[in-house]
Amino acid sequence: MAYLIETTTNNPSFKKPQFSIRRRYSDFEFLFHCLLSDFPTSLVPPLPEKHSFQYLKGETTRLGESFTAKRCHSLDKFLARILNHPVLSQSRVLYVFLESADWVTYKKNLNIVASDESLSQSAVDTLTETLMNAFKRTEETNEDILLIHEKLNKLNDNLSKIEKIFGKVSQKHELLSLSYLSFHKNLTKMIGSGIEENLTLEFTIFNQGIKSYSENLASYAQYLEQNFIVDLKDLIALIINFKRLLKTKQDRKLDLELLIGYLSDYKYEKNKLITQSASSHSPMGAIRNKLEDLKGVNHEQARIARINKLEDKIKQLETEITTQEKLLAEFEKNLMKEWEYFEKVKVRELKGSLLALCQFNIDFYLGAIGDFKAIETKLYAKYQGINDLVEAETPLVKEP
Amino acid sequence: MEVLENPFVRSTSPYDRPATPEDSALPPVSHPPPDLYTSFFADEYDNNPQSGYSIQEDTTEGFMEESTGEPVGGSSEVGSDYSDEASMLVSHDQQSSHAVNAAGIKPQQTELVENSMFISQNLDISDGLRSLIGQDSVPVQIAHTGRFSAYSQASNPHAPRQSLVSNVIYYTIDLNYGQFVVQRRYSEFSSLRDALCRLYPTRYVPTIPEKHSFMNYILGGNNTLHSKINLSIIEYRKRYLTDFLVEIIGNPVYRPLKHCELFIKFLDPSESNWDAVIHSPPMTLIPTSYLLANPINPTEAEGIRSLLPLPLVSQINAFKFQDTKAKDGEAYNVKFAQLEQRFHQSHRLVRELGTVSGKLDNLYERLIKNYIELGGNLNNFALTVESSSTTFRESVEAEDEANHNLSLVIEKFGSTIDKNFLHMEAFQYQQQLQLHEHMKISIGSKTQELLKLLNFVKLKQIQLMLTQKKYQGYADSKKQIESRVEQNERLQDALLRGSELSPSIAEAIQRYETSHRRGANGNGWFTVFGGKRASRPVDSGVHGDNSSTHSLVSTNSSEDQTEAHRKIKLLDDEMDSLKRLIQVIQADVNAVSEHVAVTLDEECTLIAQDWLRIMMRNSRNIQIMSEENLSAWQELKDEIGELL
């Protein structure tokens with residue numbers, strides 16, 4: 001199963017303003033992992049989930065079709081999100097993905113990076129890391145990030161609930177559709193048995209209306225399930241990715257704190273060595289002195305050498321820490337940018353899916369009104385006809 | 001004012017019956033001042049059956065209060081006299097002498113005419129009622145239900161009866177005729193319908209809601225937990241009973257019903273003693289079994305129909321319209337057979353459709369619940385979005401605005417969903433009433449009733465068949481006797497001649513005569529008319545003496561002959577009356593077939609109309625809901641376009 005991607009652009013770096021290309025899900029996956037490794041501090045939009053095989057088995061079955069439709073809708077959003085991202089949209093890999101026929105070779109060259117093995121490896125790494133870090137937690141101090149975190153949690157809660165209820169609504173519509181269908185079947189049976197022969201035409205018209213109403217309800221359920229609910233789920237997935245990003249930043253901070261810890265350890269040791277000359281009463285110092293005596297090393301010289309060594313290490317660590325601090329600051333700054341991006345995406349996507357939902361509802365109800373207005377008019381004509389007949393005929397019976 | 005109904009108590013408790021001995025033993029209740037009434041009325045929700053005053057006593061109390069309330073001089077005296085009479089009346093009533101009751105009330109009324117304006121007002125009402133009912137569209141509806149048992153305001157005699165304590169639900173019929181209302185209980189509706197059915201056995205009388213079943217009591221009962229079910233049952237009955245009245249008054253097909261004296265009395269506020277009305281002419285003129293009455297005009301007193309045979313249940317079940325050989329009925333019978341099948345099918349179909357629409361109701365209800373939940377959650381969501389714009393320190397202004405607008409949109413989305421659920425709720429209610437209930441009543445119950453009419457035709461035809469059979473039986477017996485008499489005469493002639501020649505023949509004659517006489521004497525009338533024993537072989541025991549054979553033969557045979565002639569005469573009489581009966585019932589069968597055919601034709605047209613109406617209303621309901629929802633979504637769409 002391949003997905004056709006059509007691109008229209010005014011970016012001069014592309015060869016043509018309009019082009020299209022086919023990509024498989026695995027290609028999307030590859031793109032995703034490239035972006036993830038290239039831009040670790042950016043909010044890479046989530047891919048639709050890999051589903052278990054039973055869904056994939058039959059692409060021709062209804063379940064398979066609905067699955068493909070949902071995935072298509074999600075993948076479309078995935079690309080739209082990347083293209084709207086200030087950093088990701090400029091990535092080389094995206095350009096290749098969208099345009100180049102060399103994608104396959106490009107992919108092969110980078111195969112080592114994105115091979116499944118390395119993936120699983122990194123997964124194990126992150127797992128052990130999280131296990132280790134689980135015991136060492138660092139307090140978030142950046143208030144903005146704290147706020148972001150809180151908001152993401154709230155949004156996640158709200159959206160999950162809403163998404164769940166929409167799931168129920170969709171399910172009810174499907175059941176309603178089924179009930180209307182059995183109503184339709186009963187009426188069909190009745191028309192067949194000719195109970196109200198004079199009304200066969202009218203019953204058929206009405207029954208047709210019920211049938212199409214049932215179908216419309218089914219497509220309403222389908223729309224909710226394949227579009228609106230998918231939109232909500234994708235937004236939730238983006239929120240979760242954002243939270244993951246926050247976690248990554250937090251891990252970096254933890255690393256930094258570790259480095260700082262080492263630094264202070266070294267500094268402490270250095271200070272101790274410096275002060276040792278004055279008083280070397282510690283048992284360890286005494287043993288070392290004995291050893292050095294045995295080796296015939298000058299105590300003073302060895303001490304100075306050690307101090308120098310430590311100083312080197314401290315210097316190294318300090319530069320490392322400053323770069324890490326810089327990186328972290330950048331990360332945090334970037335996070336604010338990512339938040340901006342997220343807010344934009346949120347507003348844009350919610351607007352889009354709400355507008356689409358509105359439009360779908362409008363179409364649904366317009367259709368129902370049209371159908372049943374026509375039906376009512378036809379039924380009314382017959383009703384009037386019968387009424388006129390009755391009025392002409394009454395009174396029929398003499399009153400006793 | 002709607003109050004819980006206790007169906008079980010209502011249908012079987014002593015409160016439902018005319019006053020019990022304990023009640024009548026109580027002194028006449030003196031009415032508390034009006035303010036006490038209101039306080040009692042406020043406590044009406046307490047299900048405390050403290051007193052068992054029945055409708056009879058209530059209404060007479062009401063009467064009394066009216067008369068004492070009048071400013072006419074001396075009326076208070078009349079009132080107190082009357083109250084004594086009232087309790088006396090009640091005790092009469094216990095002895096279940098309705099006729100006495102009915103007769104007893106009349107002079108009191110005339111007495112009251114002189115003393116109070118109330119009754120003269122009532123005369124106006126009755127006259128007005130007649131002309132009012134003459135119109136085709138009468139705004140009639142059942143305005144209230146509640147446990148009313150006494151008038152609350154003495155100043156307005158036709159104000160609803162309000163309760164001190166009562167377990168009986170009254171349906172207040174608002175005729176939109178002045179400010180007059182009538183209050184009738186369910187059982188009174190029920191007896192009205194029964195009476196109408198008996199008065200017009202070939203007509204369809206609109207149905208009223210079925211009685212509460214025991215299951216309903218178990219499910220609904222007196223339990224406050226199920227008060228919702230109970231209230232909905234009362235609402236259902238109210239609608240149903242209103243439809244009943246509206247149908248009879250408004251539908252030209254039921255014109256004879258609404259001009260019926262009984263129906264007018266039912267709507268007459270001055271007819272407070274409905275039980276008496278039901279147990280007085282014309283109802284008392286109808287024979288106990290409706291099968292013995294004139295089917296076209298049951299009150300007509302004709303003795304001959306009391307001779308009609310009463311068919312057994314098994315005979316109705318076995319009877320098929322095609323089987324009958326009634327000459328004139330035949331044309332109808334083909335039609336009846338078709339209709340019978342059609343009604344059965346319709347009934348079944350309505351039941352099936354009812355199940356489906358019940359499912360739909362249930363689904364809509366659940367969907368509405370989801371929407372309600374959704375509306376609340378969307379509001380929370382809107383708040384979250386809103387807060388993310390206001391609490392964020394470094395956020396850009398444009399972003400703030402975007403979030404604010406998004407929050408507004410989500411809020412609007414929530415209110416759209418809320419609107420949706422309100423529209424859907426209204427839709428579901430209408431569907432339940434118009435699709436489900438209407439179909440059940442105007443087609444399901446109706447076809448059931450029409451099948452009963454067809455059964456009536458069947459019964460009449462069975463009666464005809466049975467009568468004809470009986471006549472045939474008589475005719476056969478007569479023929480048998482006649483042939484025997486003839487044979488006897490011939491034989492006697494021959495024997496008389498033969499016995500002179502041969503003693504053995506004389507002996508045989510004697511033997512025959514003896515046995516014959518024994519048979520005739522021992523077995524009586526029936527044996528002669530083709531009874532089994534008459535055809536038995538002649539017994540061997542011969543006791544007669546051999547002498548005087550001649551005389552025996554001659555005397556016996558002459559006795560026999562007279563006996564036989566007497567029986568033939570009897571049979572002739574029977575057959576004559578049967579012949580007349582057959583003529584009558586044949587005419588009845590024809591008339592019933594004709595009338596029922598007309599009724600069924602009318603009802604089939606009505607059913608067709610009802611089907612159309614149901615489909616039209618259904619279409620309309622969907623349209624209304626769609627239009628309302630459409631405008632809600634359209635608004636939301638515009639709002640989104642504007643804000644984002």
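Order of the sequence lines fixes the chain letters, A, B, ..., with proteins taken first and strands second; residue numbering starts at 1 for each chain. Remember, it's a predicted structure, so these values are computed and weren't measured experimentally.
- Environment of CD in E197(A): sparse, with no more than 12 heavy atoms of neighbouring residues, nucleotides or ligands closer than 6.0 Å.
- Atom CD of Q341(B) is surrounded by 12 or fewer heavy atoms from other residues, nucleotides or ligands within 6.0 Å.
- E352(B) has its side chain within reach of K189(A): a pair of non-hydrogen atoms, C-beta onward, lies under 4.5 Å apart.
- With a 4.5 angstrom heavy-atom cutoff, L355(A) touches chain B via backbone and side-chain atoms both.
- Side-chain contact check for Q623(B) and K373(A): no donor-acceptor pair (N or O, by modelled atom type) lies under 3.5 Å.
- Of all the listed residues (I210(A), L159(A), L354(A), I375(A)), the one sharing the greatest number of non-hydrogen pairs under 4.5 Å with chain B is L354(A).
- A heavy-atom distance below 4.5 Å is not found between the side chains of F372(A) and N618(B).
- The distance from atom CD1 of I640(B) to atom CD of Q359(A), rounded to the nearest 0.5 Å, is 10.5 Å.
- With a 4.5 angstrom heavy-atom cutoff, L374(B) touches chain A via backbone and side-chain atoms both.
- Between the OG atom of S407(B) and the CG atom of L350(A) there is a distance of 11.5 Å, given to the nearest 0.5 Å.
- With values rounded to the nearest 0.5 angstrom, Q634(B) atom CD is found 8.5 Å from C358(A) atom SG.
- Rounding to the nearest 0.5 Å gives a distance of 7.0 Å between CG of L349(B) and CG of L187(A).
- If you tally non-hydrogen atom pairs under 4.5 Å between each of M615(B), K637(B), E627(B), K359(B) and chain A, the highest count goes to M615(B).
- Between chain A and the options L636(B), T355(B), L363(B), heavy-atom pairs under 4.5 Å are most frequent for L363(B).
- The greatest number of non-hydrogen atom pairs below 4.5 Å with chain B, out of K351(A), K161(A), K164(A), K154(A), is found for K351(A).
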Could you walk me through whether Q345(B) and M190(A) pass the side-chain contact (heavy atoms from CB on, under 4.5 Å) check? CA-CA 8 Å; Q345(B) 275 177 331; M190(A) 174 187 177; over 6 Å; no
Take N158(A) and V385(B), measure what side-chain contact (heavy atoms from CB on, under 4.5 Å) needs, and give me the verdict at the end. CA-CA 10 Å; N158(A) 284 324; V385(B) 170; over 6 Å; no
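- By the 4.5 Å heavy-atom criterion applied to side chains, Y383(A) and R613(B) are counted as neighbours.
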Exercise. Could you walk me through whether E196(A) and R342(B) pass the salt bridge (charged side-chain N to carboxylate O under 4.0 Å, His left out) check?
Worked result: CA-CA 8 Å; E196(A) 296 285 340; R342(B) 178 170 154 187; 3.3 Å; yes
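- The CG atom of N361(A) lies 6.5 Å from the CG atom of N420(B); values are rounded to the nearest 0.5 Å.
- Between W611(B) and F203(A), the distance from one ring center to the other falls under 6.0 angstrom.
- Crowding of Y380(A) atom OH: a count of heavy atoms from other residues, nucleotides or ligands under 6.0 Å not exceeding 12.
- Counting heavy atoms from C-beta outward, E373(B) and K168(A) have side chains that approach closer than 4.5 Å.
- The greatest number of non-hydrogen atom pairs below 4.5 Å with chain B, out of N198(A), D363(A), L357(A), is found for L357(A).
- Looking at heavy atoms from C-beta onward, N405(B) lies out of side-chain contact with V347(A) at the 4.5 angstrom threshold.
- There is no contact between L178(A) and chain B, counting heavy-atom distances below 4.5 Å.
- Only the side chain of L199(A) comes within contact range of chain B, with at least one heavy atom under 4.5 Å from a heavy atom of that chain.
- Contact detail for S179(A) and V356(B): the closest heavy-atom pair is O-CG1, 3.4 Å.
- Residues K151(A) and T384(B) fail the side-chain proximity criterion, which asks for heavy atoms closer than 4.5 Å.
- For the atom pair T377(A) OG1 and M616(B) CE, the distance stands at 10.0 Å (nearest 0.5 Å).
- Two residues are said to be in side-chain contact when any heavy atoms from C-beta on lie closer than 4.5 Å; N629(B) and F364(A) fail this criterion.
- When heavy atoms are compared at a cutoff of 4.5 Å, N186(A) approaches chain B by way of both its backbone and its side chain.
- Contacts between L406(B) and chain A at a heavy-atom distance below 4.5 Å involve the side chain alone, from C-beta outward.
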| side-chain contact (heavy atoms from CB on, under 4.5 Å) between F381(B) and D157(A), intermediate numbers included | CA-CA 9 Å; F381(B) 187 40; D157(A) 281 358; over 6 Å; no
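- Between F413(B) and F228(A), the two ring planes are perpendicular [angle over 60°; tilted spans 30° to 60°].
- When the shell of 6.0 Å around NZ of K233(A) is examined, it contains 12 or fewer heavy atoms from other residues, nucleotides or ligands.
- Contact count against chain A (heavy-atom pairs under 4.5 Å) is highest for N380(B) among V409(B), N380(B), N362(B).
- Both the backbone and the side chain of L360(B) come within contact range of chain A, each with at least one heavy atom under 4.5 Å from a heavy atom of that chain.
- Of the listed residues (Q171(A), E150(A), H173(A)), the one with the most heavy-atom contacts under 4.5 Å to chain B is H173(A).
- Side-chain atoms of E376(A) do not come within 3.5 Å of backbone N or O of R620(B) as any donor-acceptor pair.
- Shown here is K243(A), whose NZ atom has more than 12 heavy atoms of other residues, nucleotides or ligands within 6.0 Å.
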